[in-house]
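One structure below.
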Amino acid sequence: SPKPADRIAKLRRQLEDANYRYHVLDDPSIPDGEYDRLLRELEALEAEHPELADPNSPSQRVGDKPSSKFAEVKHAVPMLSLANAFADEEVADFVARISRETGDDAPEFSVEPKLDGLAISLRYEDGKFVRGATRGDGVTGEDVTPNLRTVRAIPLQLRGKPPKVLEVRGEVYMPKAAFEKYNAWAAEHGAKTLANPRNGAAGSLRQLDPRITAQRPLSFYAYALGETDAKLPKTHTETLAWLRELGLPVSSLADAATGTEGLLAYYRRVGEERNALPFDIDGVVYKLNRYDQQRAMGFVSRAPRWALAHKFPAQEEATV
Ligand SMILES: Cc1ccc2cc(C(N)=O)cc(O)c2n1
């Protein structure tokens with residue numbers, strides 16, 4: 001029989017692969033029962049061989065011991081906020097200003113749904129997940145690494161050829177079905193029910209005891225870069241494709257669109273699909289796609305002048 005170290009390494013790769021297939025490709029490779037069996041075998045082997053312990057092992061998703069409070073994290077690259085638009089005219093003005101300042105009368109944009117969750121920043125070194133933090137005020141956030149380790153959609157180990165340093169920004173969210181299920185359980189067991197999935201995500205991630213976070217069904221989509229030593233592609237859509245290759249989940253609704261018409265068509269398309277989506281969104285996000293054009297546009301305070309959140313009308317509260 002293979003040496004324990006080889007068997008452990010093989011099980012870790014198989015479980016990471018299954019996680020990637022399930023959460024990133026949305027195309028599970030093995031049935032849940034098989035996943036659990038492999039995980040139990042790995043946990044048993046790791047218990048017999050503590051010298052082979054690894055914080056990035058797939059077995060470490062169950063949550064570390066509770067911390068007393070969160071350490072502070074300084075974001076090397078500030079986490080940006082987004083200017084909002086509510087009416088089509090504001091989108092037309094946004095594009096007109098960009099056309100004027102870039103000289104491009106048909107600017108291309110990266111477009112995506114605006115998830116209604118909690119913004120976080122993940123840091124990977126040599127492809128290993130080493131730290132995760134909340135946005136905080138954009139410059140200083142809270143270190144919630146142990147809690148983020150329990151979010152299955154967040155890879156603990158990147159795939160392919162990751163750069164030495166890679167920070168990824170994204171949204172941790174609680175899927176609608178998981179939110180309903182959690183509230184049914186909470187009502188049944190006299191626990192506090194959650195007001196909405198966004199509160200569910202925020203409350204779960206800011207638990208001091210990661211074992212509680214581990215019981216909360218959270219997911220994650222990546223949407224931007226932070227600090228990295230990698231040579232960047234020329235456009236944001238290429239960056240998102242690269243993040244997918246590295247094993248990070250990116251919304252399958254992310255797309256490209258050209259000019260005001262393209263943006264508004266995308267806004268309407270997502271608006272029609274909104275209620276059928278498995279997660280809450282509160283709008284869509286438009287980002288000028290070419291990084292050279294983004295640089296030409298710059299920022300106003302911490303909101304980039306090359307990006308815009310186009311919000312949907314607030315949904316009437318679901319009548320319970
Ligand atoms: C720059 C930036 C800031 C906040 C964002 C927030 C979301 C979101 N809530 O999905 C998506 C993005 O692409 C974002 N991009």
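First listed ligand is number 1; within each ligand, the first listed atom is number 1.
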Query raised in the report: Taking the six-membered ring for Trp, are H189 and W185 parallel (under 30°), tilted (30 to 60°) or perpendicular (over 60°)?
Result: parallel
Query raised in the report: Side chain of K164, backbone of E125: donor and acceptor closer than 3.5 Å?
Result: no
Requested in this report: Report the residue from L15, D17, L38 that forms a side chain to side chain contact (heavy atoms under 4.5 Å, CB included) with P58.
Outcome: L15
**Report entry** Within 6.0 Å of OH in Y22, more than 12 heavy atoms from elsewhere
**Finding:** no
Report summary line: If we number the atoms of ligand 1 from 1 as shown, the ones under 4.0 Å from a heavy atom of E171 are 8 (C), 9 (N)
Query raised in the report: For L115, is at least one N or O under 3.5 Å away from an N or O on ligand 1?
Result: yes
Query raised in the report: Does ligand 1 have any atom sitting under 4.0 Å from a heavy atom of P113?
Result: yes
Report summary line: For S252 and R244 the tightest heavy-atom approach is CA-NH2, 4.3 Å
Report summary line: In terms of its nearest heavy atom to atom 15 (N) of ligand 1, the top option of H236, E112, K287, M79 is K287
Requested in this report: Ignoring hydrogens, just give me the one of Y221, Y286, Y223 whose non-hydrogen atom is nearest atom 6 (C) of ligand 1.
Outcome: Y223
Query raised in the report: Would you say E188 has more than 12 foreign heavy atoms packed within less than 6.0 Å of its CD?
Result: no
Report summary line: Restricting to heavy atoms, the pick from D116, V284, L80 nearest atom 3 (C) of ligand 1 would be L80
Query raised in the report: For S81 and ligand 1, does the shortest N/O to N/O distance drop below 3.5 Å?
Result: no
Report task. Kindly assign one of parallel, tilted or perpendicular to the pair Y124 and F129, based on the angle between their ring planes and the thresholds 30° and 60°. Result -> tilted
Report summary line: atom 2 (C) of ligand 1: of L82, L240, L225, the nearest heavy atom sits on L82
Report summary line: Contact region, K114 to ligand 1, non-hydrogen atoms below 4.0 Å, reads both
